[in-house]
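Both counts, for ligands and for their atoms, begin at 1 and track the order of listing. In this text the structure is predicted, and so the values were computed from the model without any measurement.
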Amino acid sequence: MKIFVLNSGSSSIKYKLFNMDQHLEVVAWGEVEKIGEEISSISLNSIKEKIICSNHHEAFKQIAKQLKKTGILKDFTCLSAIAHRVVHGGSVFSKPVLIDETVTDVIRRMIPLAPLHNSANLEGITAMQHLAPNIKQIAFFDTAFHQSMPASSSRYALPEYYYDTMQIRRYGFHGISHHYLAKESARLLGKPLQICNLITLHLGNGASATAIQNGKSLETSMGFTPLEGLVMGTRSGDIDPGILLYLLNEHDYDAKKLDHILNYQSGLKGLCGINDMREVIQKMQLGEENAKLAFNIFCQKVKQYIGAYIALLGTVDAIVFSGGIGTNSPEVREAVCYNMAALGIILDKEENEKGATFIGHEGEVKILRIKTDEEREMANQSLQFIKESDI
Ligand code: AMP
C-alpha cells in the first residue's frame with residue numbers, strides 16, 4: 001500500500017512516497033522546482049537533474065517517469081491514495097476530506113484568501129486527477145486543526161458585517177504541523193493527547209505559535225492570513241494596522257506595494273537585510289547591531305506569545321520548539337526561554353546545546369525539541385481515513 005503525499009506550490013512540487021505496509025516507511029522523496037521557467041529541475045532522494053517543464057501536469061508526468069525508471073513505482077495507478085496539502089479550507093473543513101467537485105469548488109472559492117497557495121494547490125489536484133483518475137485523492141488543510149478555536153480566539157473586534165459577509169476572521173495556518181507536534185508531544189510525555197495542554201512553536205521561514213488545550217487548538221498566532229503573529233523571515237507579523245492607513249493616506253502607497261513590503265521585505269530581512277536565521281546569528285556573533293536587533297525582536301515576540309498562551313491555558317504540560325529555526329537553533333531556544341523561571345520554564349543549557357528532545361529542567365513545564373513532519377502526519381491521517389471510510 002503506497003501513499004503519495006504532495007505539496008504543490010506555484011512553481012514547485014514537493015512529494016514523499018510512503019509505503020504503508022511497514023510502519024510508514026518513506027520510499028522516495030523529491031521535488032520539481034522552477035516549473036514554468038526556461039530550465040526546471042527534478043530531484044529524487046536528493047539527486048538533482050535539469051529538465052524542461054512548463055506546468056504542474058508536465059511536472060507530475062516527469063515524476064512518474066523517474067519513479068518508474070528507478071523501479072520505485074510502476075505508475076500512479078499502483079497508489080492507494082494521493083494526499084494533497086491545501087493551505088486554505090476556510091471555515092468549511094475541520095478534517096481531511098475526499099476530493100470531489102464540491103471540495104474543489106470550496107478550494108477555488110478560497111483563492112482570494114490565499115491567492116498564491118490555493119491556486120497552486122488546486123493545480124496540483126487537477127493535474128493528478130487527470131493522471132490518476134481512479135485513485136482516491138484526499139485534501140489536508142492547513143487551517144483545519146484551528147477550526148476548534150472558540151469565537152473569542154477566531155473573531156476580530158471588527159463590525160459583524162465583515163465576518164458575516166466577507167468571512168473576515170482568524171483562521172490560523174501551519175495546522176498540519178501543529179497537529180503533528182501535539183501528537184508527538186503527547187507520545188513523548190506518555191499522556192493521552194486529550195488531556196495535554198501545549199504551546200507548539202513552528203519557527204521556520206514562516207512562523208506561528210499555537211496554544212493547545214486538551215489536544216485541540218485554542219488560539220494561534222496566524223490569523224486571516226499567514227501574515228499575523230510572530231516575526232518571520234520576510235513577513236512582518238503583528239504591526240499596528242494604523243501604519244498601513246498612514247502609508248496609504250499620507251504617502252500614496254497602494255495595496256500592491258503594501259503587500260510586497262509586508263510579505264517580502266519585512267521580518268528578519270526588513271530588520272537586518274537577511275531572512276536566513278543562520279546568517280543572522282553569524283552576523284550577530286560578529287557584532288553586527290542590526291542582526292542582533294533582528295534576533296532579539298524575533299525571540300522577544302515568541303516569548304511574548306508563550307506568556308500570553310500560558311495565561312490562556314492556565315496549566316501547560318510542554319513548550320515545543322520546531323521548524324527550521326526551533327529545531328536547529330540552540331541560540332534562539334535559549335533567548336526565548338531566558339528568565340522565564342517564574343512561569344515554570346527553565347532550559348537545561350547542556351541538553352539544549354546537545355539538541356536533545358527533552359531540553360528543560362525537571363519541573364512543571366517540559367521543554368521539547370521536535371522536528372516536525374507534515375508529510376508523515378498526512379500519510380498517517382490518510383491511513384486512518386482509508387480505514388474509516390473504507391476507500
Ligand atoms: P523552515 O522554513 O522550517 O525550513 O526553516 C527555515 C529557517 O530555519 C531559515 O531561517 C534557516 O536559517 C533556519 N535554520 C536552519 N538551520 C538553522 C540553524 N542551525 N540555526 C539557525 N537557524 C537555522
Tell me whether the centres of the aromatic rings in Phe140 and His84 are closer together than 6.0 Å.
no
Ser153 side-chain N/O to Met149 backbone N/O, donor-acceptor pair under 3.5 Å
no
Among all protein heavy atoms, pick the one closest to atom 21 (C) of ligand 1 and tell me residue, atom and distance.
Ser329 CB, 3.5 Å
Hey, which atoms in ligand 1 end up nearer than 4.0 Å to a heavy atom of Gly204?
1 (P), 2 (O), 3 (O), 5 (O)
For Gln62 and Gln66, does a side-chain donor sit closer than 3.5 Å to a side-chain acceptor?
no
For the residue pair His146 and Tyr171, is the inter-centroid distance of their aromatic rings smaller than 6.0 Å?
no
Could an N or O of ligand 1 be found under 3.5 Å from any N or O of Leu203, whether backbone or side chain?
no
In this structure, atom 10 (O) of ligand 1 is nearest to the protein heavy atom Met277 N, 3.1 Å
Backbone of Ile261 reached by a side-chain donor or acceptor of Ser266 within 3.5 Å
yes
Could you tell me the residue and atom name of the protein heavy atom closest to atom 23 (C) of ligand 1, and the distance to it rounded to 0.1 Å?
Arg278 CG, 3.6 Å
So for ligand 1, is Gly324 a polar contact partner (N or O within less than 3.5 Å, distance only)?
yes
Residue from His202, His178, His88, His117 passing ring-ring contact (aromatic ring centres under 6.0 Å, His included) with Phe173
His88
Among non-hydrogen protein atoms, atom 6 (C) of ligand 1 lies closest to Asn205 N, 3.7 Å
Is the Phe4 ring parallel, tilted or perpendicular to the Tyr15 ring (thresholds 30°, 60°)?
tilted
Suppose we measure from atom 12 (O) of ligand 1 to each protein heavy atom; which comes out shortest, and what is that distance?
Asp276 OD1, 2.4 Å
Could you tell me which atoms of ligand 1, counted from 1 in the order shown, lie closer than 4.0 angstrom to a heavy atom of Asn275?
10 (O)
Check this for me - ligand 1, His202, N or O atoms closer than 3.5 angstrom, yes or no?
no
